[in-house]
2 protein chains.
Amino acid sequence: MNSKEIAKIAGVSRSTVSRVINNYPNVPPDTREKVLKVIKEYNYVPHASARMLRGKTSKTIGLVIVDIKKDSEIHRIYDNVYFGPFTTAVVDFANRIGYNVLITTVFKVKDYKKVKEIFYNKTISGAIFVGVRNSDPEIKSLIEEGFKIAIVDQEIKEEDEVFNKSIIVNMDNLNGSYEATKYLINLGHKEIAHITGDLDKLSGFARLEGYKKALKEADITYDAHYIVKGNFVEESGYNAIHKLFKKVKPTAIFAANDQMAIGAMQALQELEYAVPEDVSIIGFDDITISRYVKPSLTTMSVSLLQMAELCVENLVKSIEGESSIVAKFLVSAKLIERDSCKKIID
Amino acid sequence: MNSKEIAKIAGVSRSTVSRVINNYPNVPPDTREKVLKVIKEYNYVPHASARMLRGKTSKTIGLVIVDIKKDSEIHRIYDNVYFGPFTTAVVDFANRIGYNVLITTVFKVKDYKKVKEIFYNKTISGAIFVGVRNSDPEIKSLIEEGFKIAIVDQEIKEEDEVFNKSIIVNMDNLNGSYEATKYLINLGHKEIAHITGDLDKLSGFARLEGYKKALKEADITYDAHYIVKGNFVEESGYNAIHKLFKKVKPTAIFAANDQMAIGAMQALQELEYAVPEDVSIIGFDDITISRYVKPSLTTMSVSLLQMAELCVENLVKSIEGESSIVAKFLVSAKLIERDSCKKIID
DNA sequence: CTGAAAGCGCTTACAG
DNA sequence: CTGAAAGCGCTTACAG
């Protein structure tokens, strides 16, 4: 079924069918009705490719999930607890405003080839990227070529001026981490360790900064012995504890995300430290699991829905040229008090 | 940049450019090289819509996530722990064989309109459906219209002959539930309750059947008082326990999925029943959370990767007409013993 | 208010 | 081995 056939059946020309579909004003009501009736009867929907070829935009955005890890860790992507809810929210918001979402994964640098292809072949009119490291050259080159891009969790450095042509949506990592650390300090803790995330991602770097800021404000000397590097996955939190407790014995821990906090709790249990009686621990992200671990995990919550909405809305605005708004958004984090932290009395 | 320009620069005709791109054999090596060089230099990728219009398939499949619930529950979709890993796996397998994945959510029956549209307008050449209830008329009509469809978790009833034209990928719910229940029986339990899932979904219905089958085999009388209806979400597991323990006092519980098992564990704790000391509990699905709850949850694990692979591979085969294979696949479930079940000694 | 015609970028018989 | 031409299904100036 195509517009020619519809035209014949309705007794008009293809031009008129097209005018009806595209809501041209200069079609008399009864002609419109007549055509609409035939369209409905035959379930006719114009061929998307033909429309595009004629200049309409694809009404499709890409959602690119980047998760580049060492080979040994590759399997972990499948149970990433963070991308799922974000993805669903992106799809939902996009669909609501008439856009489709094409989802692509990038596990290795060379997978960016797939992404470029769907940009070059006009399948997508723009894309949202999650999980990219700071200053990623692949993303930069895409932006330079003029493609519309929104990025979650990206630092804008002075030398990366090119990012000013994209939409950046970040969590307020700095203040969130500051609040998390301050919360521990207010509970009376002074020996507070930090398990970092990937330091080449904004969320890793900025959360370390927030931790430092809170210590400084409370006149607690920053001590590198209390810092262990992690990479946002459970195992790294688990390993961090074993490494950490060989050197020092903190009374509280701020883990850069919940997954590492949960791994850390397992290790603490093995070492026979009770949480929160012996050691308090706070995470970041408020993933679904955190409510269900024992003790339930105190953490900083950021609205993924809000982040998804900001990405989709602004990307689409930019695609449709309503405005060339390219902006940086900061979504705040909020403390969720649960059972993994305890006041110190001395 | 289009094929005409590439042709001009390379000093050939558009026909030749097209032949190079489509790997026609009748292009001499040096001509091919010459053209390829220009293509590379200009990052030229043929316009996907133009190719489609000329008859190539879209190389895009849909992934339709159906989650129709009452309004009051709508927010829950965002943290569905099940679709995330499956989605990533589908995307990964599809991308590997050169297919894109368009993802769409269906929260209300009328959202199926979106799905039909992308079929009718040729954006997708086929689709994988998850979360649909048994015998869903919307899906049936799509299959009847000749669209290529794979469905996860769907019962094939005699009267639904139309499903024989689609690809069905199911977990082995019956045997899995049978094994789960039998495991409890072997541990010495005789008073075993069951929290059901949505009974209008295959996974809900068939898991109840497996439970019954195991009881029967062990000569334990089936008693409806030990059955509570749930709907696969945590709250329903939680509520089920409160309802259940007003009537009976089972020593073991088989929950139709892990989420309900986890909700149930919370309720048991409130009622001051220790797990597994007072009550044993087993779930189904082995979601990520289950490793981290305390006590860790014994459950039946099904490979979502394998299910994703079966869906993608067979759907693509069917689209490309390699074979008109339309088959039913059954992916087996395997017991994961953890800490939530205990042997009864008497 | 409406139709005939051009053209979006590609592929593929067709002719040579 | 290669180019000119037709045509996929649509939209939109253009002419009336």
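Quick note: numbers below take in every heavy atom, side chains included, and nothing from hydrogens, waters or symmetry partners.
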Roughly, in whole Å, what's the span from NZ in B/K122 to P in C/dC10? 21 Å
Does the side chain of B/T16 get closer than 4.0 angstrom to OP1 or OP2 of D/dG3 through an N or O atom? yes
Send over the distance from A/R14 CZ to C/dG3 P, rounded to a whole Å. 12 Å
Quickly work out the B/H47 NE2 to D/dC8 P distance and round it to whole Å. 19 Å
Considering only nitrogen or oxygen atoms on both sides, find all protein atoms under 3.5 Å from nucleotides 13-16 of chain D and state each distance.
| unit_1 | atom_1 | unit_2 | atom_2 | d |
| --- | --- | --- | --- | --- |
| D/dA13 | N6 | A/R19 | NH2 | 3.3 |

Would you mind classifying the nucleic acid contact of B/T31 as base, sugar-phosphate or nothing, using non-hydrogen atoms under 4.0 angstrom? sugar-phosphate
Where the side chain of B/A50 is concerned, which of D/dT2, C/dG9, D/dC10 is the nearest nucleotide? C/dG9
Wobble G-U and Watson-Crick pairs count when both distances are under 3.5 Å; given that, what is the 5' to 3' dot-bracket string of DNA chain D, with | for pairing to other strands? |||.||||||||.|||
Considering only the C1' atoms, how many Å lie between D/dT12 and D/dG16, rounded to the nearest integer? 16 Å
So B/C311 and B/I167, do their side chains get closer than 4.5 Å, heavy atoms only? no
For B/K201, give me all partners under salt bridge (Lys or Arg N to Asp or Glu O under 4.0 Å), at least two apart in sequence or on another chain. B/D198
Base, sugar-phosphate, or nothing: which does A/N2 touch, judged by heavy atoms less than 4.0 Å apart? sugar-phosphate
Considering residues at least two apart in sequence or located in another chain, which fulfil the salt bridge (Lys or Arg N to Asp or Glu O under 4.0 Å) criterion with B/K122? none
In short, A/N100 meets A/N95 closest at the heavy-atom pair CA-ND2, 4.2 Å
What I'd like to find out is whether the side chain of A/V12 reaches to under 4.5 Å of the side chain of A/K34, using heavy atoms alone. yes
Gap between atoms NZ and C1', on A/K4 and D/dC8 respectively (whole Å): 11 Å
Between A/R51 and B/V27, which is nearer to the 5' end of DNA chain D once each is assigned its nearest nucleotide? B/V27
Under 4.0 Å between a side-chain N/O of B/Y120 and OP1 or OP2 of D/dG9, yes or no? no
Results of ring pair (Phe, Tyr, Trp, His ring centres under 6.0 Å) for B/F163 - residues two or more places apart only: none
Which class fits the ring pair B/F119 and B/F129: parallel under 30°, tilted 30 to 60°, perpendicular over 60°? parallel
Which residue is it: B/V101, B/T123, B/T60? I am looking for the one with a side chain to side chain contact (heavy atoms under 4.5 Å, CB included) to A/L102. B/T60
May I have the distance from B/L53 (atom CG) to C/dC8 (atom C1'), rounded to whole angstrom? 9 Å
Side chains of B/N2 and B/Y44: do they bring a donor and an acceptor to under 3.5 Å? no
Roughly, in whole Å, what's the span from CG in B/N26 to P in D/dG3? 12 Å
Would you mind reading off the distance between B/E5 atom CD and C/dC8 atom P, rounded to a whole angstrom? 11 Å
Side-chain N or O of A/S18 versus OP1/OP2 of D/dC10: is the shortest distance under 4.0 Å? no
Could you give the CE-to-P distance, from B/M52 to C/dC10, as a whole number of Å? 15 Å
Listed by chain and number, what are the salt bridge (Lys or Arg N to Asp or Glu O under 4.0 Å) partners of B/E138, not counting sequence neighbours? B/K116
